[in-house]
Each structure stands twice: as C-alpha cells, then as structure tokens.
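Reading through the structure tokens given below for one structure.
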Amino acid sequence: MNESVLIGKSERFLDQIKRREISLNDMESPEKFLSLYTYLKNNMDTLQDMRETMEIKGYTAPYRSINKYGRPLTGETKAEDMYDVSRHTQYFRMNAAAKKNILDRVKSAMSSHKIAIGHLEEFATLECSSCHRKYRGHEIALLTRGNCECDQDNLKLHVNQEGVYRLEIIPFLPLSGDYMVKLSDLSPRSREAFRSMVRILKQEKRGIVKTVSLVIKVMEDSRWVRKRVTIDAQEEANYEKKIRSQYGSNARIEMMQFHRKKPSIINDKHVQTALSLGYVKYAENRILQFLPDLLEKTLHNKGKVEEYQEALEISKIKANKYDTGDDPESLKNFYLQKELEERGLLNGDGKPEETLKNDLKEKNSLEKSLFLEIPRIYILWDLLHYYLTTSYDRRNKYSGPFPYLRPGLDTNQMKAFQDFEVDVVRIMQEYLSENITYIPHMGRVLAQKFSVEKKMKGLHLQMGPALGAALLSSEGNLPVAKAAKLFSIEVEDVLKGKETLGTLQRPASSRAKQFMAMMKK
C-alpha cells in the first residue's frame with residue numbers, strides 16, 4: 001500500500017471514530033452493552049492491523065531512512081544541486097513527520113480502546129437464558145455476533161457489583177487518538193490536575209539492573225584493541241571471568257556501566273495520558289454540577305463574587321482591545337478598577353471590600369482543592385480497589401480496566417498512594433453520593449496486601465473482594481460493616497476473610513511461636 005494512501009486511510013478511520021458520540025444510556029440492556037462492546041472491539045482489530053502495517057513499513061523510526069540525504073560538501077556540488085538536495089530533504093522530513101504522527105495517533109487510540117473495553121468487561125457478566133452459560137471478561141468477545149454458542153440470542157446482563165469500573169470516563173477518552181485536542185480543551189485547573197495525574201501513574205520502581213555495558217581491552221594480532229560489549233546483568237556475576245571466557249585470558253575490563261530498568265505503575269505513556277484525560281475531564285464535569293451550590297453555602301456573598309468575576313472578564317476584553325503594547329497588566333487593572341467602582345464593590349479607600357476579598361480567596365482555595373484532589377481520589381481509589389480485590393496472577397495476565405498496570409508495587413511506587421484530603425472526601429460523599437471513604441495509610445494497606453499474596457502462594461486460597469475488604473478493615477481501621485459496603489459484599493464474607501488473614505499470620509513452627517510470645521512480653 002502506498003504511504004500516502006495508508007496515512008490517508010488511517011486518518012479517515014480515526015476521524016470517523018471521533019465523529020461518533022459514545023452514549024452510556026441503558027447500559028444494563030444486553031443489546032446496548034453488546035453494541036458498544038462490539039463497536040470498540042472491531043475498532044481495536046482495525047487499529048491493530050494498521051499499527052502492524054505501519055511498523056512493518058518502518059514508521060517506528062521514520063527519520064532513519066533520510067540520514068543518507070545529508071548536506072553535501074560545498075566544493076563538490078553546484079548551488080543548483082544543493083538547492084535540489086535541500087528541497088528533497090525537506091520533503092522526506094515532512095513525510096517522516098507525517099508517519100510519526102499517524103503512528104502516534106493510532107497507538108493512542110489503541111490504548112484508549114483497551115481502557116474502554118477493560119471497563120466494560122469489568123462492568124457486566126452476560127448469561128444465556130437457554131443453556132445458562134455465563135460470559136465474563138474476555139469471554140464476552142465470543143458474543144460479538146449476538147448469539148450464545150448454543151445459537152440462542154436470549155441473553156441476560158448481570159451488573160458486577162464487586163467489579164472495579166468507571167464507565168463514565170469512556171466518552172472522555174481520546175478514542176480517535178486526539179489526546180492533544182482534548183488536552184487543549186481542559187480548563188487551566190484541570191490541566192494542572194492532568195499533570196499531577198500523569199506524575200502519579202509515572203511513579204517509577206527503584207531501578208533494577210538489566211544490562212551492563214563494558215569497555216574491554218583484548219589482544220588481537222599482537223596489539224591491544226578496545227571493544228564495547230553489552231551483557232545481561234546477573235546476581236553475583238563474575239563479569240571479569242565471563243569476559244575472559246569469551247575473549248581470552250588476556251582480556252581486561254576498563255569501564256563498567258550499569259543500565260537500570262525503572263518501570264512505572266502504568267508502564268505505557270499512551271495509557272497514562274488516556275487514563276489521566278478520562279478521569280480529569282469526568283471529575284471536572286461532576287465538579288461543575290455541584291460547585292454553584294457549594295459556593296452558595298460557603299461564601300459570605302456569592303452574588304458579589306460573581307459580579308467581581310464578570311467585571312474581571314470585561315476588563316480583560318477591554319485591555320486586549322485597546323492594548324498599546326506598553327503595559328497590558330496596568331491597562332487591565334485600570335479597567336477593572338473602573339468596573340468595580342461602577343458596580344459599588346469598592347470601599348471608601350477605593351479598594352475591594354474585606355468580605356469580598358475573603359470570599360475571593362476562599363473561592364480560589366476551594367476550587368483549587370476540588371479540581372486537583374477529586375481526580376486523584378477517583379483514580380487512586382479505583383487502583384486501590386483493584387489491587388485489593390484481584391490476585392497477582394490475574395493482574396499479571398489480564399489487562400482489565402488499567403492496561404499495562406504493574407502486578408506488584410515496590411515501596412517507592414506505593415508513595416503515590418498518598419492519603420486523601422478528608423474535607424474533599426466529605427464533599428464527594430455529600431454532593432456526588434460516592435461510595436468512597438478516607439483511608440489512613442493507604443500505602444501500608446497495599447504493602448500488607450502484597451505481603452499476604454506472597455504467603456498465599458501454593459495454598460490454593462482465593463484472593464477476592466472478601467479478603468481485600470478484610471485487609472482494608474484491619475489495616476485501614478475501618479468497621480467491618482463499612483468495609484463490606486465499600487466492596488459491595490456481605491459482612492459475613494468479610495469476617496471469613498479476617499479469619500483467613502489470622503490463619504496466614506499465625507506462626508507455623510514452634511520457634512516462630514516462641515518468638516511471637518517473646519515479642520508480646
């Protein structure tokens with residue numbers, strides 16, 4: 001396929017995705033659920049084919065092919081020839097940039113589709129009313145034609161109350177790879193929240209040495225020759241012995257350089273961007289719904305604050321209109337002072353009233369806290385919930401709602417799970433009716449979860465919501481009833497989970513029992 005044809009075809013397909021609006025109405029209907037799921041799945045297959053074709057054609061390193069078109073030496077060519085070479089080089093660079101950009105869009109679109117499909121698969125289980133076979137997770141893809149394997153289409157949808165999903169972020173994902181456009185649509189506060197979200201998902205694991213680069217001297221043809229070699233890192237490896245076995249007994253190591261791998265919590269930049277955009281825009285929409293009521297209760301005089309904001313906007317417009325380029329800020333302040341005076345918002349000294357200044361300060365502080373904290377609470381709560389209710393093997397083999405999620409975290413990565421602001425959690429509970437609560441020491445809860453997983457290896461115990469709720473209750477100091485409600489399970493299941501935890505933490509040998517008895521004294 002011609003390069004321009006492939007790029008044009010890909011852009012038309014992505015623009016087609018962009019034009020379709022994602023509706024989440026009646027998602028508990030099997031037909032509506034399968035319609036959206038099938039649409040996303042088909043898009044994913046097409047995007048996968050596009051990406052493979054582009055990678056085969058060298059779109060991953062498009063500038064490599066134009067290295068040979070360097071500027072020739074001045075004395076070797078005429079001026080006309082140099083102009084032609086420069087023009088051709090510019091053409092090839094533009095072509096390479098187009099290849100890089102379209103592959104970047106396709107990768108972004110694929111990441112967004114993976115997230116959307118993962119949330120849908122967590123949301124529901126489909127059951128055939130005829131043969132009673134249940135389809136969950138990846139198995140839902142077998143129903144993309146609308147029929148069960150028994151050729152019946154009488155399906156029931158069961159909402160997975162214990163699952164971790166947030167379908168509301170799907171319409172805000174860059175499904176067409178237009179993440180730069182969606183980023184530019186964010187408000188300044190939401191843009192700041194987006195950057196903080198990406199930093200959370202980028203939290204890196206402490207470096208693990210993967211390879212070692214060495215500069216060695218070897219004897220070849222009666223003279224010393226320097227060589228640069230790279231070998232895989234190994235624990236307690238004798239690198240000098242390894243080099244001598246490969247290059248001879250005279251080989252000497254002159255320099256060693258260790259290369260460390262630092263995987264992030266979400267180990268893919270496109271998934272980091274898509275998740276951050278989805279959660280931030282969703283949170284922004286929800287905040288704007290209740291913010292006027294909250295300001296009405298919080299501020300001394302909301303009407304005067306709105307008048308001040310209106311005066312500020314008018315002064316900015318007038319300053320931009322009559323800007324002479326000398327000092328735009330002073331021009332804006334001049335018009336603002338005039339507007340405030342006309343509206344009666346200044347005191348006898350020609351300054352804003354004290355109550356108005358306090359209200360403006362309170363409004364700014366409240367909005368900053370909400371727009372920065374609520375998206376962080378949403379995603380950290382969902383990640384915590386997912387880690388607590390799933391096993392290591394499931395997180396390792398199944399992408400779920402968070403593709404490229406690390407199945408286990410080290411102590412450095414767990415620093416990203418900073419405790420929520422209590423006041424913001426109360427606001428979310430009051431205005432958004434969220435089943436979210438403040439949990440002290442979230443990092444400690446996660447560390448205990450990973451410790452329990454290590455102890456459970458080979459014991460054939462099921463790691464599910466009950467054990468996660470039990471851990472949350474024990475390590476997070478929550479009542480059992482509250483932990484059960486947060487995870488949508490029965491209190492009896494949480495109590496059984498606590499019994500299991502007690503069994504796992506019980507000393508197995510006589511020496512361990514003696515040690516525990518000594519520690520209690």
Side-chain angles (χ1 to χ4, degrees), residues 10 13-14 16-17 20-53 55 106-177 266-268 270-271 274-275 278 382 386 389-391 393-405 407 464:
S10 303
F13 180 72
L14 291 171
Q16 182 183 337
I17 295 174
R20 170 161 175 171
E21 291 187 6
I22 301 295
S23 174
L24 299 176
N25 297 329
D26 302 324
M27 285 306 293
E28 295 188 15
S29 162
E31 294 78 17
K32 184 65 187 291
F33 175 85
L34 274 177
S35 173
L36 178 58
Y37 183 87
T38 304
Y39 168 73
L40 294 171
K41 220 31 172 160
N42 291 339
N43 285 351
M44 188 68 187
D45 294 339
T46 305
L47 291 167
Q48 182 69 39
D49 292 340
M50 284 180 179
R51 177 179 175 176
E52 290 175 0
T53 304
E55 289 178 344
V106 168
K107 287 181 177 179
S108 174
M110 287 180 63
S111 297
S112 299
H113 277 75
K114 283 181 183 177
I115 295 167
I117 291 169
H119 280 263
L120 287 173
E121 289 176 347
E122 279 282 310
F123 169 69
T125 298
L126 292 168
E127 181 182 3
C128 176
S129 299
S130 301
C131 66
H132 299 290
R133 175 170 177 187
K134 292 183 178 180
Y135 296 85
R136 56 172 62 90
H138 289 318
E139 295 175 346
I140 296 175
L142 301 173
L143 294 170
T144 50
R145 294 182 181 177
N147 289 351
C148 175
E149 289 187 343
C150 66
D151 285 335
Q152 299 296 321
D153 61 354
N154 190 11
L155 297 171
K156 288 182 180 178
L157 186 144
H158 304 287
V159 176
N160 183 13
Q161 301 294 343
E162 299 174 2
V164 181
Y165 52 83
R166 204 169 290 278
L167 300 188
E168 296 85 357
I169 72 167
I170 295 177
F172 304 119
L173 297 172
L175 294 169
S176 64
I266 300 284
N267 209 24
D268 181 269
H270 289 295
V271 175
L275 277 171
D382 289 349
Y386 192 69
T389 57
T390 55
S391 65
D393 289 339
R394 185 186 174 192
R395 297 192 299 272
N396 194 34
K397 297 174 182 177
Y398 174 58
S399 61
F402 305 104
Y404 302 104
L405 178 71

State, yes or no, whether a side-chain contact exists between S130 and C148 at a heavy-atom distance under 4.5 Å.
-> no
Starting from the C-alpha separation in whole Å, work towards a yes-or-no answer on side-chain contact (heavy atoms from CB on, under 4.5 Å) for C128 and L155.
-> CA-CA 5 Å; C128 176; L155 297 171; 4.2 Å; yes
Begin with the C-alpha distance, continue with both residues' side-chain angles, and end with the deciding distance and a verdict on side-chain contact (heavy atoms from CB on, under 4.5 Å) for L36 and M27.
-> CA-CA 9 Å; L36 178 58; M27 285 306 293; 3.8 Å; yes
With no hydrogens and no angle check, is any side-chain donor or acceptor of T53 less than 3.5 Å from a backbone partner on D49?
-> yes
Atom pair CG/CE of D268 and M110 - distance to nearest 0.5 Å | 9.5 Å
Between A124 and I140, what is the shortest heavy-atom contact and its length?
-> O-CD1, 3.8 Å
Shortest non-hydrogen contact from V271 toward P403 = CG1-O, 3.6 Å
Y404 backbone acceptor or donor facing N267 side chain under 3.5 Å | no
Within a reach of under 6.0 Å around CD of E28, are more than 12 heavy atoms found that belong to other residues, nucleotides or ligands?
-> no
Rounded to the nearest 0.5 Å, what's the gap from CG on L126 to CG on L142? Could you check?
-> 11.0 Å
From CD1 (I169) to CG (L173), nearest 0.5 Å = 5.0 Å
Any donor-acceptor N or O pair under 3.5 Å, side chains Y37, E121 | yes
Between A116 and L175, which heavy-atom pair has the shortest distance, and what is it?
-> CB-CD2, 4.5 Å
Distance, nearest 0.5 Å, that separates OG1 of T390 from CZ of R395 = 4.5 Å
Donor-acceptor pair, side chain of E127 and main chain of K156, under 3.5 angstrom | no
Step-by-step side-chain contact (heavy atoms from CB on, under 4.5 Å) determination, V159 to F123 | CA-CA 6 Å; V159 176; F123 169 69; 3.9 Å; yes
Looking only at non-hydrogen atoms, find the nearest pair between D382 and V164 and report the distance.
-> O-CG1, 3.4 Å
State the NE2-CD1 distance between H270 and I115, to the nearest 0.5 angstrom.
-> 11.5 Å
Would you say T125's side chain and R136's backbone share a donor-acceptor pair under 3.5 angstrom?
-> no
Between Y135 and E149, is any pair of side-chain heavy atoms under 4.5 Å apart?
-> yes
H119 side-chain N/O to L167 backbone N/O, donor-acceptor pair under 3.5 Å | no
Interatomic distance, CD1@I17 vs OG1@T46, rounded to 0.5 Å, equals 8.0 Å
Nearest heavy-atom pair of F13 and M50: which atoms, and what distance?
-> CB-CE, 3.6 Å
Under a 4.5 Å cut-off applied to non-hydrogen side-chain atoms, are I170 and L120 in contact?
-> yes
Heavy-atom closest pair (Y386 atom, G400 atom, distance to 0.1 Å) is OH-CA, 3.9 Å
